[in-house]
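Protein chains get the first letters and strands the later ones, always in sequence-line order, with residue 1 at the start of each. Keep in mind it's a predicted model, so treat the numbers as computed, not measured.
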Protein chains: 2
Amino acid sequence: MTTDTPARLLQLLSLLQTPREWPGSELADRLQVSRRTVRRDVDRLRDLGYPVQATMGADGGYRLVAGKALPPLVLDDEEAVAIAVGLRAGAGHAVEGIEEASVRALAKLEQVLPSRLRHRVNTLGTATSSLVYGGGGDGATIAPETLTVLASATSGHERLRFSYEAADGARTRRLTEPYRLISAGRRWYLVAYDLDRDDWRTFRVDRVGDPFATGARFAPREVPTGDAAEFMRATVWRAAPSFELDVTFDASAAEVTRRLPPSFGTPEATGADSCRLHSTVQDSLEWAAMRLAMAGVDFTVQGPAELAEQVGKLGRRLTRAAPR
Amino acid sequence: MTTDTPARLLQLLSLLQTPREWPGSELADRLQVSRRTVRRDVDRLRDLGYPVQATMGADGGYRLVAGKALPPLVLDDEEAVAIAVGLRAGAGHAVEGIEEASVRALAKLEQVLPSRLRHRVNTLGTATSSLVYGGGGDGATIAPETLTVLASATSGHERLRFSYEAADGARTRRLTEPYRLISAGRRWYLVAYDLDRDDWRTFRVDRVGDPFATGARFAPREVPTGDAAEFMRATVWRAAPSFELDVTFDASAAEVTRRLPPSFGTPEATGADSCRLHSTVQDSLEWAAMRLAMAGVDFTVQGPAELAEQVGKLGRRLTRAAPR
DNA sequence: TCAATTAGGTCGTGAACTGTCCTACATGCC
DNA sequence: GGCATGTAGGACAGTTCACGACCTAATTGA
């Protein structure tokens with residue numbers, strides 16, 4: 001009656017996303033239309049590529065099942081908050097290959113998230129963000145807001161203003177045209193054209209402060225090496241130290257693989273109950289020491305010396321903490 | 001022409017969710033309709049409660065902004081995978097108050113996730129799931145699939161069949177009517193009516209194996225105490241041991257709060273650079289020891305003795321691991 | 001000032017939507 | 001084997017609504 005067809009279709013979609021079965025009569029009742037129209041609407045959804053499965057016979061009904069295309073997700077408040085918090089927690093530490101998509105999804109969600117929910121996400125999110133890094137590491141945590149602002153500006157071709165902290169601690173203001181946001185290991189980088197310096201730069205996102213999009217759009221230039229990721233690697237490689245891990249474990253290779261994060265790679269077996277791991281770690285050995293400690297198996301650091309130092313330091317701290 | 005109005009509205013919604021501005025002419029071009037119709041469609045979206053902001057003047061355009069209601073999210077493949085993986089990672093360890101919503105959202109997403117994406121989620125997800133618990137703890141990890149199956153069956157009022165491992169290790173098959181899935185601390189519980197035993201039971205989800213919904217729907221009975229959560233507490237409380245933590249830190253209360261997970265509560269300051277924490281821990285002290293180690297500040301275990309033992313054990317292991 | 005954009009009114013044509021019939025078919029229960 | 005209850009879908013009539021074309025007003029940046 002008063003509600004037009006598109007609105008009704010959206011409402012139907014939201015009802016069908018509930019994990020239960022809906023008999024046509026109940027849908028007709030909820031949508032305030034005849035049963036015939038419900039059947040027609042279901043047909044329309046199927047035409048759109050969202051397969052609605054109908055179980056026939058007595059106490060049959062409709063339910064939305066997996067198809068070729070993902071239907072628009074209709075979320076209630078709590079679910080939206082849960083997703084936002086989950087993505088924020090995951091945005092920082094990354095899941096090996098989907099970091100950029102994760103940030104894109106977060107930016108998309110936060111763009112339309114009602115402000116009352118935004119507050120809840122903020123309070124829950126800050127309580128959680130430390131959970132991922134465990135408060136350890138080198139303190140180079142990134143605010144999820146920063147990532148989403150950068151992602152939005154990048155894909156919207158909007159100029160970006162922020163303050164940047166150089167390696168010597170000096171802060172400068174920058175006006176840039178952002179091109180690509182890249183996640184590499186535990187770090188995020190922004191490849192952008194610096195309008196003040198009049199040249200291309202790679203920025204470490206954890207050193208970016210108070211970013212905001214000016215609203216002015218820009219016409220994309222050509223990236224120097226043709227590929228932003230390549231440019232990032234070329235400019236960053238010389239600066240970032242990396243360490244070659246060498247650790248032996250008193251447990252089977254399978255056991256160790258299961259208990260370590262996948263980014264560590266797989267150890268080679270040196271016996272039924274022992275194995276040896278060679279791996280490359282970005283730049284924070286404190287983080288590596290934590291992960292090794294959390295594995296819950298006996299191990300010995302063969303190298304480098306810096307890692308042994310970190311592990312020893314942590315061990316002494318714990319020994320001190322426990323009264324005999 | 002060939003595409004009807006509802007489909008076009010959905011497409012428009014998906015375009016506007018991209019974090020950029022769309023001039024009306026481009027939208028008209030993409031949607032294959034006149035500019036007038038685009039304006040009408042935008043009006044329709046606004047009527048539906050999704051505020052489309054238009055910037056006037058030269059190089060103006062439309063973009064979707066935060067409003068009162070959350071619009072249906074239109075995600076591309078990668079974003080959907082990112083969200084699913086993020087939720088899976090978060091589903092197990094929980095974020096203090098939104099665990100149930102998180103699982104609900106995951107169930108909703110997985111219900112309609114195309115199978116090709118499901119595979120990607122599985123491969124990425126298994127690599128990640130161990131990340132949260134770090135492989136430590138008592139090994140009582142829960143497969144995200146288990147949680148989503150239980151959640152779907154619970155909210156869909158479908159009978160549930162699964163195998164259950166009792167405390168003595170014996171596995172039995174159960175046919176149940178699930179009523180509520182509850183997250184308490186690090187554990188998940190399912191309150192259900194056991195059709196074989198003909199009585200109400202609380203199941204620990206980490207001991208549930210191979211759950212699947214039979215498809216048969218059931219009419220809800222009344223939960224014994226009136227509230228499922230209360231029933232869960234009543235049945236579980238006597239079995240689960242809990243410990244009273246007492247730890248002093250050589251750091252400010254604010255610092256310690258920031259570096260510990262929120263479930264630990266807040267310590268009381270005993271000086272400018274020292275504080276004391278009293279807290280109750282569910283049942284795994286190994287986990288508590290890990291979290292304390294990850295805080296990165298000096299501390300001393302005052303009690304209980306079991307915690308001191310765990311911390312000491314971990315400390316000795318690390319000291320052994322580091323060659324002097 | 002000019003150009004480019006959103007905003008919105010009106011009108012006529014034609015398509016599309018809805019409800020009310022109708023029949024066919026599948027399933028579970030008695 | 002019936003019977004109740006559900007989906008599937010065709011035909012039809014009346015109404016509504018969606019679309020494009022054309023118009024004017026208002027806003028903004030160069």
Side-chain angles (χ1 to χ4, degrees), chain A residues 1-12 15-16 20-48 50-65 156-159 213-219, chain B residues 1-13 15-16 20-48 50-65 156-159 214-219:
Chain A
M1 232 22 159
T2 162
T3 85
D4 47 345
T5 318
R8 178 158 38 82
L9 268 189
L10 248 49
Q11 200 186 342
L12 179 60
L15 287 176
L16 288 179
R20 58 165 284 198
E21 257 188 11
W22 297 87
S25 57
E26 189 170 350
L27 290 177
D29 201 46
R30 289 232 184 190
L31 302 176
Q32 297 280 342
V33 290
S34 71
R35 286 216 289 266
R36 185 67 184 89
T37 302
V38 168
R39 280 204 291 276
R40 272 194 273 251
D41 284 353
V42 167
D43 269 351
R44 259 191 283 249
L45 287 186
R46 293 203 246 250
D47 280 347
L48 287 174
Y50 313 135
V52 178
Q53 174 193 299
T55 58
M56 305 191 84
D59 101 20
Y62 298 96
R63 82 184 329 164
L64 197 57
V65 297
H157 300 296
E158 285 187 27
R159 283 190 178 162
T214 63
R217 289 222 290 284
F218 63 86
Chain B
M1 245 351 178
T2 161
T3 84
D4 46 348
T5 319
R8 178 158 39 81
L9 267 190
L10 247 48
Q11 200 186 342
L12 179 59
L13 207 52
L15 288 176
L16 287 180
R20 57 164 285 199
E21 256 187 11
W22 296 87
S25 57
E26 189 169 350
L27 290 177
D29 201 46
R30 290 231 184 190
L31 303 176
Q32 298 279 342
V33 290
S34 70
R35 286 216 290 262
R36 186 66 184 89
T37 302
V38 169
R39 279 203 292 277
R40 270 194 275 251
D41 283 353
V42 168
D43 269 351
R44 259 190 284 248
L45 288 185
R46 293 204 247 249
D47 279 348
L48 286 173
Y50 313 135
V52 178
Q53 175 192 297
T55 56
M56 304 191 83
D59 104 16
Y62 298 95
R63 82 186 328 166
L64 197 57
V65 298
H157 298 298
E158 285 188 29
R159 283 191 179 161
T214 64
R217 290 223 290 285
F218 62 87

Nearest to side-chain heavy atoms of A:M56, which nucleotide of C:dA26, C:dA7, D:dA18: C:dA26
Is B:R35 salt-bridged to B:E26, cutoff N-O under 4.0 Å? no
Do B:D41 and B:R44 sit within salt-bridge range, that is, some charged N less than 4.0 Å from a carboxylate O? yes
Test your reading of the model: is there a side-chain donor-acceptor pair from A:W22 to the backbone of A:R63, 3.5 Å cut-off? no
Any side-chain heavy atom of B:L15 sitting closer than 4.5 Å to one from B:L31? yes
Are the side chains of B:L45 and B:L16 in contact, using a 4.5 Å heavy-atom criterion? yes
From CZ of A:R44 over to P of C:dA16, roughly how many Å is that when rounded to an integer? 11 Å
Between CZ of B:R63 and P of C:dT6 the distance, given in whole Å, is 14 Å
Expressed as a whole number of angstroms, how long is the span from B:L9:CG to C:dA16:C1'? 15 Å
5' priority, DNA chain D, between A:R35 and B:R35 [closest heavy atom]: A:R35
Of the listed nucleotides (C:dG19, D:dG9, D:dG20), which one gets closest to any side-chain atom of B:S34? D:dG20
Residue met sooner reading DNA chain D from 5', once A:Y62 and B:D41 are mapped to nucleotides: A:Y62
Nucleotide D:dG10, atom C1' - distance to CZ of A:R39 in whole Å: 11 Å
Where the side chain of A:R40 is defined as all heavy atoms beyond and including C-beta, which of D:dA11, D:dA8, C:dG8 is the nearest nucleotide? D:dA11
In whole angstroms, how far is the P atom of C:dA16 from the CG atom of A:D43? 16 Å
Counting only side-chain heavy atoms from C-beta out, which of D:dG10, D:dA18, C:dT6 sits nearest to A:R36? D:dG10
Could you check how far CG of B:L45 sits from P of D:dA18, rounded to whole Å? 13 Å
Between D:dG20, D:dA18, D:dG9, which nucleotide has the shortest distance from any of its atoms to the side chain of B:T37? D:dG20
Figure out the CG/C1' separation between B:L31 and D:dG20, and round it to whole Å. 15 Å
Using whole Å, report how far CD of B:Q53 lies from P of D:dT28. 12 Å
